[in-house]
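As a basis for the values below, the full set of heavy atoms in this structure was taken, side chains included, without hydrogen atoms, waters or symmetry mates.
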Amino acid sequence: RRHPSWPERLLAEYALLHLLTRAHQRRADLPEPLRQTVRTRIGFTVPQEEVLRGERVRDRWYIAGALDTERDDLITRRIWLRGHESGRPALVLSFAPPGRTPDASLVVGTTIDAELAFYPGAQPVRALVAERHGTAEDAAPGGTTVRGLLHEYATALSRDPWLDRWPALLRDVRPARANGDWHLVDGAGDAVPLAVRDLWPLLAASGGDPITVAGEWTPGGLFPLSGWH
């Protein structure tokens, strides 16, 4: 798989921006879930109280990975979860000013029994932890194949074309190098490119054996966040 060039990625971003502008102009013609997605992408916020009154899903949620980014004097922590029974992905965000630590109550590699309240949209992913039951426990995550990930992402993209990242949880994959780039390869021989070059921590953790890897699937490849041996 060839990585898109910077001009190609820039053109794709402009195309999505144009699509969003047109969708907002014609929002009255859109179905309600897609209209909510367009409002969110434009920048309108949904109060937490309204989210907590909406859809809730109780499951045993595996905390697959977390990533902190800093922008405009604000630290944003993205925490990805995956339901053991439902297989549903969820994204919990927390924020903090520089020098402070975002919410650390969701520990990567553990599983919690909880109700999540999802923000409205055509492809609901962002959620709030509405209620927790019991304490966190260690439990092996599930996972899918490369083909399963790509099918899942294509389905999500058909609902929300502005998705720029999607949670990946791949089972029984090995890091492998081809044509100078690193990939994760599953048992069927299917592969996804990796968006990082320093793979030595992942290689050391796997010891050459198949492992489960959680990460963010993006147009530039998969960014690994955690692994389960």
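Between R171 and T212, the shortest heavy-atom contact is CA-OG1, 3.7 Å. The two residues G109 and D138 have their closest heavy-atom pair at O-OD1, 4.0 Å. Listed here is the closest heavy atom pair of P161 and L16: O-CD2, 3.4 Å. Across every non-hydrogen atom of W228 and A139, the tightest pair is CH2-O, 3.4 Å. Minimum interatomic distance between V185 and A176 (heavy atoms only, all atoms of both residues): CG2-CB, 3.9 Å. The heavy-atom pair separating R35 from A28 by the smallest distance is NH2-O, 3.6 Å.
Residue I112 holds its CD1 atom at 7.5 Å from OG of S105, rounded to the nearest 0.5 Å. Separating the OG1 atom in T155 from the CG atom in D160 is a distance of 13.0 Å, to the nearest 0.5 Å. One finds the CZ atom of R26 at 13.5 Å from the OG1 atom of T21 (value rounded to the nearest 0.5 Å). In this structure, the separation between NE2 on H84 and OG1 on T111 is 3.0 Å, given to the nearest 0.5 Å. Taking CG of L81 as the reference point, atom CZ of R60 lies at 13.0 Å (rounded to 0.5 Å). Taken to the nearest 0.5 Å, the CG atom of L150 stands 11.5 Å off from the CG atom of L157.
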Stepwise side-chain contact (heavy atoms from CB on, under 4.5 Å) check, R88 with V57: CA-CA 9 Å; R88 183 167 181 169; V57 178; 3.5 Å; yes

CA sep, side-chain torsions, deciding dist, call: L202, I211, side-chain contact (heavy atoms from CB on, under 4.5 Å): CA-CA 10 Å; L202 187 60; I211 61 172; 3.6 Å; yes

Residues L116, V129; criterion side-chain contact (heavy atoms from CB on, under 4.5 Å); working and verdict: CA-CA 5 Å; L116 299 190; V129 180; 3.7 Å; yes

Residue pair E216, L222: steps toward the side-chain contact (heavy atoms from CB on, under 4.5 Å) verdict: CA-CA 6 Å; E216 290 184 342; L222 180 73; 5.8 Å; no

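With S226 contributing its side chain and A64 its backbone, the two residues share a donor-acceptor pair below 3.5 Å. Remark: the backbone N or O of A130 is not paired with any side-chain donor or acceptor of R56 at under 3.5 angstrom.
Note: the hydrophobic cluster containing W61 does not contain L169 (ILVMFWY, side chain heavy atoms under 4.5 Å, direct or indirect links). No single ILVMFWY cluster, assembled from side-chain heavy atoms under 4.5 Å apart, contains both L11 and L163. V146 and L184 end up in the same hydrophobic cluster when Ile, Leu, Val, Met, Phe, Trp and Tyr side chains are linked at under 4.5 Å. Using a 4.5 Å cut-off between side-chain heavy atoms of Ile, Leu, Val, Met, Phe, Trp and Tyr, with links allowed through other members, L225 and L93 fall into the same hydrophobic cluster. One hydrophobic cluster holds both W182 and F223 under the rule that ILVMFWY side chains link at heavy-atom gaps under 4.5 Å.
Considering only heavy atoms from C-beta on, V173 stays 4.5 Å or farther from P210 through its side chain. V125 places a side-chain heavy atom less than 4.5 Å from the side chain of W80. Between W162 and V38 there is a side-chain heavy-atom pair separated by less than 4.5 Å. Residues T69 and I75 fail the side-chain proximity criterion, which asks for heavy atoms closer than 4.5 Å. You'll find the side chain of L91 stays beyond 4.5 Å of the side chain of F118, heavy atoms only. D113 places a side-chain heavy atom less than 4.5 Å from the side chain of R58. With a 4.5 Å cut-off on side-chain heavy atoms, I42 and T40 do not count as touching. A heavy-atom distance below 4.5 Å is not found between the side chains of V92 and I63.
Summarising the local packing, CD of Q48 is surrounded by 12 or fewer heavy atoms from other residues, nucleotides or ligands at distances under 6.0 Å. Atom CG of D29 has more than 12 neighbouring heavy atoms from other residues, nucleotides or ligands inside a 6.0 Å radius.
Under the side-chain contact (heavy atoms from CB on, under 4.5 Å) rule, L170 has a single partner from D186, T145, V192, which is V192. If you run side-chain hydrogen bond (donor to acceptor under 3.5 Å, both in side chains) between R22 and each of H18, H24, Q25, only Q25 comes through.
For the residue pair R39/Q36, the side-chain donor-acceptor check at 3.5 Å is not satisfied. A donor and an acceptor atom, one from each side chain of S206 and H229, are nowhere located under 3.5 Å apart.
F95 does not carry R100 over the face of its six-membered ring by the limits of under 6.0 Å from the centre and within 45° of the normal. Figure legend: R82 and Y62 shown without cation-pi pairing, the cationic atom not lying both under 6.0 angstrom from the six-membered ring centre and within 45 degrees of its axis.
Looking at R132 and E115, no side-chain N of the basic residue comes within less than 4.0 Å of a carboxylate O on the acidic one, giving no salt bridge. Using a 4.0 Å cut-off between charged nitrogen and carboxylate oxygen, R147 and D190 count as a salt-bridge pair.
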